[in-house]
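All figures in this text were calculated on a predicted structure; none of them were measured in a lab. Computed from heavy atoms alone, side chains included, the values below leave out hydrogens, waters and symmetry copies. By convention in this document, chain letters (A, B, ...) are assigned in the order of the sequence lines, proteins followed by strands, and residues within each chain are numbered from 1.
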There are 2 protein chains.
Amino acid sequence: MAVPSLAPATPAASPLFLREHEVRRGVELLFFGYTRLTRSIDEGLAEHGLGRAHHRALYFIARQPDLTISELLKILAITKQSLGRVLNDLSARNLVETRSGSADRRQKLLRLTGEGKTFEAQLFEALRTSLATAYAAAGQESVTGFWRVLEGLIPAEDRAMVAALQKDI
Amino acid sequence: MAVPSLAPATPAASPLFLREHEVRRGVELLFFGYTRLTRSIDEGLAEHGLGRAHHRALYFIARQPDLTISELLKILAITKQSLGRVLNDLSARNLVETRSGSADRRQKLLRLTGEGKTFEAQLFEALRTSLATAYAAAGQESVTGFWRVLEGLIPAEDRAMVAALQKDI
DNA sequence: AGAGATGGGACAGCCATATTGACGTATCTT
DNA sequence: AAGATACGTCAATATGGCTGTCCCATCTCT
């Protein structure tokens with residue numbers, strides 16, 4: 001189980017998990033990694049006059065077609081009003097469409113239009129490039145560890161929601 | 001040092017690093033992990049009438065005492081005006097103080113006051129709890145992988161800056 | 001059939017955080 | 001003395017959140 005020589009700047013974690021230094025390191029890497037990744041798609045969004053909030057909605061609708069409004073609200077953890085504005089923008093640009101639910105006609109099922117799918121796929125390419133590069137540099141066992149730690153950061157009550165996203169690949 | 005049985009929900013990464021599913025999984029876990037971690041300190045911040053932007057400044061000043069304004073600007077990657085407001089708020093609450101640089105008197109060296117240190121430490125406890133729990137559940141090798149992948153997400157030109165934070169532990 | 005719960009939409013108003021561009025002052029470098 | 005740099009500040013603007021309230025359509029339960 002040799003440490004790959006690809007990432008020599010990273011010494012292995014010490015057995016003392018609770019030391020401040022290791023916690024700070026995680027905080028910092030998460031901050032920089034997350035913010036830099038999100039910035040990688042800003043340009044593509046700006047071309048359409050959209051922001052990151054729009055991308056988050058697009059992303060999760062792409063991931064789970066026929067998602068309902070309330071399911072999306074749980075995922076994003078924002079208010080109905082905030083989401084409403086975002087979805088109106090996306091509908092106005094013909095990126096998202098809704099139908100009413102067949103079982104429960106009060107529900108609105110969200111889907112990307114063809115145009116929306118194309119746009120989401122284009123944004124996703126930037127994410128894919130960044131993450132694939134990082135995965136390749138870190139090595140396979142590192143990716144598994146990356147996932148495991150992040151899962152542990154998600155509160156137990158939210159984990160089922162995240163797992164559901166990844167069920168129907 | 002067996003992988004603890006705490007995280008059985010995570011199968012190992014496939015060797016095919018570039019598959020869409022694995023990229024989407026990383027995107028989602030990063031989103032949920034990052035947003036949930038940041039939310040864990042909102043309450044403490046709100047007690048002082050501060051927001052996340054204030055915490056980011058506090059955090060990095062705590063981490064690198066005598067940081068200059070321009071160094072902090074590079075770390076946060078926001079504009080001078082945005083940072084200015086944040087620092088004014090922190091000074092007004094007596095959490096941050098400045099002295100002018102000894103070598104270059106144009107510079108302002110940022111430091112936490114005693115009060116600022118106490119407050120930052122209090123906020124840090126919430127981060128420590130979350131991350132330490134996730135680290136412990138994932139196991140030591142996972143933590144190393146978590147760091148390696150995140151490092152790969154940071155653009156090369158920013159890596160020296162991040163490494164500098166972690167040099168003087 | 002009627003009552004209440006639920007899914008969703010919309011009003012008004014507010015706040016936090018970011019942006020650009022221009023300009024000013026003190027200080028350092030050459 | 002001239003120019004570059006570090007920092008501060010003006011004004012205007014955008015984004016993305018929030019609360020509170022009220023409404024309508026539809027489903028569920030009695």
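Contact annotation: the side chain of A:Phe124 approaches that of B:Val23 to within less than 4.5 Å [non-hydrogen atoms, C-beta and beyond]. Contact check for B:Pro65 versus B:Leu112: no side-chain heavy atoms found under the 4.5 Å cut-off.
Within the model, atoms OG of A:Ser40 and CZ of A:Arg128 stand 13.0 Å from one another, a figure rounded to the nearest 0.5 Å.
A heavy-atom distance below 4.0 Å to DNA chain D is reached by these residues of residues 47-56 of chain A, ordered by number: A:Gly51, A:Arg52, A:Ala53, A:His54, A:Arg56. Within residues 72-85 of chain B, the residues having any heavy atom under 4.0 Å from DNA chain D are, by residue number, B:Lys80, B:Gln81.
With hydrogens and angles ignored, the 3.5 Å screen pairs a side-chain donor or acceptor of A:Arg159 with a backbone N or O of A:Ile154.
Following chains of ILVMFWY side-chain contacts shorter than 4.5 Å, one can reach A:Leu37 starting from A:Leu45, so the two form part of one hydrophobic cluster.
Rounded to whole Å, the distance from CD1 on A:Ile69 to P on D:dT26 is 16 Å. Atom CZ of A:Arg99 is separated from atom C1' of C:dG7 by 19 Å (rounded to the nearest Å). Going from atom CG of A:Leu110 over to atom P of C:dG7 covers 14 Å, rounded to whole Å. What separates CG of B:Leu90 from P of C:dA16 is a distance of 14 Å, to the nearest Å. As rounded to whole Å, 12 Å separates atom C1' of C:dG8 from atom CG of A:Asn88. Regarding B:Asp89, its CG atom lies at a distance of 14 Å from the P atom of D:dG8, rounded to whole Å. Between B:Leu87 atom CG and D:dA6 atom P the separation is 16 Å, expressed in whole Å. What separates CD of B:Glu71 from P of D:dT5 is a distance of 16 Å, to the nearest Å.
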Within the sub-3.5 Å range, which N or O atoms of nucleotides 28-30 of chain C have a protein N or O partner, and how far apart are they?
from: C:dC28; atom 1: OP1; to: B:Arg105; atom 2: N; distance (Å): 2.9

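With hydrogens and angles left out, the side-chain atoms of A:Gln64 and A:Glu71 include no donor and acceptor closer than 3.5 Å.
If you look at B:Phe31 and A:Phe60, their ring centroids are closer than 6.0 Å.
Listed by chain and residue number, nothing satisfies the side-chain hydrogen bond (donor to acceptor under 3.5 Å, both in side chains) test with B:Thr113 (two or more places apart in sequence, or in another chain). Taking the side-chain hydrogen bond (donor to acceptor under 3.5 Å, both in side chains) definition, one finds that A:Thr118 meets it with nothing, sequence neighbours left out.
At a threshold of 4.0 Å, the pair A:Arg148-A:Glu151 does not count as salt-bridged, since none of the basic side-chain nitrogens sits closer than that to a carboxylate oxygen. B:Arg93 and B:Glu115 are not joined by a salt bridge, as no carboxylate oxygen comes within less than 4.0 angstrom of a charged side-chain nitrogen. A salt bridge does not link B:Lys74 to B:Glu157: none of the charged side-chain nitrogens sits closer than 4.0 Å to a carboxylate oxygen.
The rotation axes computed at either terminus of the helix from C:dA1-D:dT30 to C:dT30-D:dA1 lie 30° apart, taking five pairs at each end and rounding to 10 degrees.
Both tests pass for B:Arg24 against the ring of A:Tyr59: distance under 6.0 Å to the centre and angle within 45° of the axis.
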(request) List the steps and the verdict of side chain to side chain donor-acceptor pair (under 3.5 Å) for B:Thr79 and B:Ser82. (result) CA-CA 5 Å; B:Thr79 58; B:Ser82 299; 3.1 Å; yes
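Put simply, B:Ser70 has a side-chain N or O that comes within less than 4.0 Å of OP1 or OP2 on D:dC7.
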